[in-house]
2 protein chains.
Amino acid sequence: MTGVAVRSTKQRAAIAALLENVDEFRSAQELHDELRRRGEGIGLTTVYRTLQTMAASGLVDSLRTDTGESVYRRCSAHHHHHLVCRGCGTAVEVQGGAAEKWAADVAREHGFTDVTHTIEIFGVCGDCVPADSAG
Amino acid sequence: MTGVAVRSTKQRAAIAALLENVDEFRSAQELHDELRRRGEGIGLTTVYRTLQTMAASGLVDSLRTDTGESVYRRCSAHHHHHLVCRGCGTAVEVQGGAAEKWAADVAREHGFTDVTHTIEIFGVCGDCVPADSAG
DNA sequence: CTCGCTGCAAACCATTTGCACGTGG
DNA sequence: CCACGTGCAAATGGTTTGCAGCGAG
């Protein structure tokens, strides 16, 4: 019944440990780069595969960035969302508030459990408002 | 003063027209496929470039799917969000409700205008709940 | 010992870019 | 006419896969 046993390895531990020190989403390549920087002789492939396994097991949350990269973050982190400006790219961290509750509520209504969500807000900040919008 | 003029072309019109008939996000490749299916002799590159231009102009909303594909949807569409099951992939359409208001509110607080948002909720539906979760 | 984990490099696939011709204005 | 739009094909770049060796149990 033990079924899928996850073998304890040096690499896997290194990734898990690194994730513990990070609160925000990081790309697989950044994680790999950081690991190498720490002297962990780990391969990019292993980072990708381990991250996928962890994500599948619900140990980490993963999502796709605007540039198509997959980013990961440890679960149960006190997360926030981003308000991004289309003009200058400025990203403001915002708290979920009502949205957090709404998401959890909607999920529950549909019988969903183990819920996570992703919210991204895009707009134009006061600094980038076109002064003479042509149309 | 006219500055960036968007030239009217057959291809661009075809893409714009197609987007009018779609309420949900579609990938550039799907759009291209549909266009070819309609007999429009349009290239994939053109679809990509036109979509990018339209997105930059705010004519369409674009975001990245879970598989890394860019998807586009015409603006001002009466949109809904998705509640996706990690187990079977079932996607339930849900209305924004409180979240819509929250997003708009947060954006306004930070002086943002022309706001759009993306909300994705992931979880495990009742059908996919592990019967004997080992943990 | 056996099987999963690891890692290199090639495979993949969506997207982007270079270059030259056609066309809108 | 002149610059932008178009499109083919190659380039790019992040992610995945094949295959052979090592280490955990």
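Computed from heavy atoms alone, side chains included, the values below leave out hydrogens, waters and symmetry copies.
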Separation of [X] atom [atom1] from [N] atom [atom2], in whole Å?
X: A/His32; N: C/dG7; atom1: NE2; atom2: P; value: 8 Å
X: B/Glu30; N: C/dT15; atom1: CD; atom2: P; value: 10 Å
X: B/Ile15; N: D/dG5; atom1: CD1; atom2: P; value: 12 Å
X: B/Arg12; N: D/dG7; atom1: CZ; atom2: P; value: 14 Å
X: B/Ile42; N: C/dG22; atom1: CD1; atom2: P; value: 19 Å
X: B/Gln11; N: D/dC4; atom1: CD; atom2: P; value: 17 Å
X: B/Leu31; N: C/dA14; atom1: CG; atom2: P; value: 15 Å

Tell me every residue that passes side-chain hydrogen bond (donor to acceptor under 3.5 Å, both in side chains) with B/Thr65, counting only those two or more places apart in sequence or in another chain.
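Partners of B/Thr65 under the side-chain hydrogen bond (donor to acceptor under 3.5 Å, both in side chains) test: B/Thr67.
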Could you pull out the closest heavy-atom pair between [X] and [Y], with the gap in Å?
X: A/His110; Y: A/Val106; answer: CD2-O, 3.1 Å
X: B/Ala107; Y: A/Leu83; answer: CA-CD2, 3.9 Å
X: B/Arg73; Y: B/Asp23; answer: CD-O, 3.3 Å
X: A/Ala28; Y: A/Tyr72; answer: CB-CE1, 4.1 Å

If I take atom OG from residue B/Ser70 and atom CG from residue B/Leu31, how far apart are they, to the nearest 0.5 angstrom?
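Going from the OG atom of B/Ser70 to the CG atom of B/Leu31 covers 11.5 Å.
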Could you state the interatomic distance from NE2 (B/His32) to OG1 (B/Thr45), rounded to the nearest 0.5 Å?
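Nearest 0.5 Å value for the NE2-OG1 distance: 8.0 Å.
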Strictly below 4.0 Å: does A/Thr46 bring a side-chain N or O up to OP1 or OP2 of C/dC8?
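For C/dC8, OP1/OP2 do not have a side-chain N/O of A/Thr46 under 4.0 Å.
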Within the structure, does a side-chain N or O atom of B/Thr53 lie under 4.0 Å from either OP1 or OP2 of D/dG5?
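Negative; the distance criterion is not met.
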Note: B/Arg38-B/Glu34 ion pair, threshold 4.0 Å (strictly below)
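Salt bridge between B/Arg38 and B/Glu34, a charged N being under 4.0 Å from a carboxylate O: yes.
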Considering only nitrogen or oxygen atoms on both sides, find all protein atoms under 3.5 Å from nucleotides 23-25 of chain D and state each distance.
| from | atom 1 | to | atom 2 | distance (Å) |
| --- | --- | --- | --- | --- |
| D/dG23 | N2 | A/Arg7 | NH1 | 2.5 |

Going 5' to 3' through nucleotides 10-22 of chain D, assign each nucleotide B (protein heavy atom under 4.0 Å from a base atom), S (under 4.0 Å only from sugar-phosphate atoms) or - (no protein heavy atom that close).
----SBBBB----
B/His81 and B/His117 aromatic centres sub-6.0 Å:
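For B/His81 and B/His117, the ring centres are under 6.0 Å apart.
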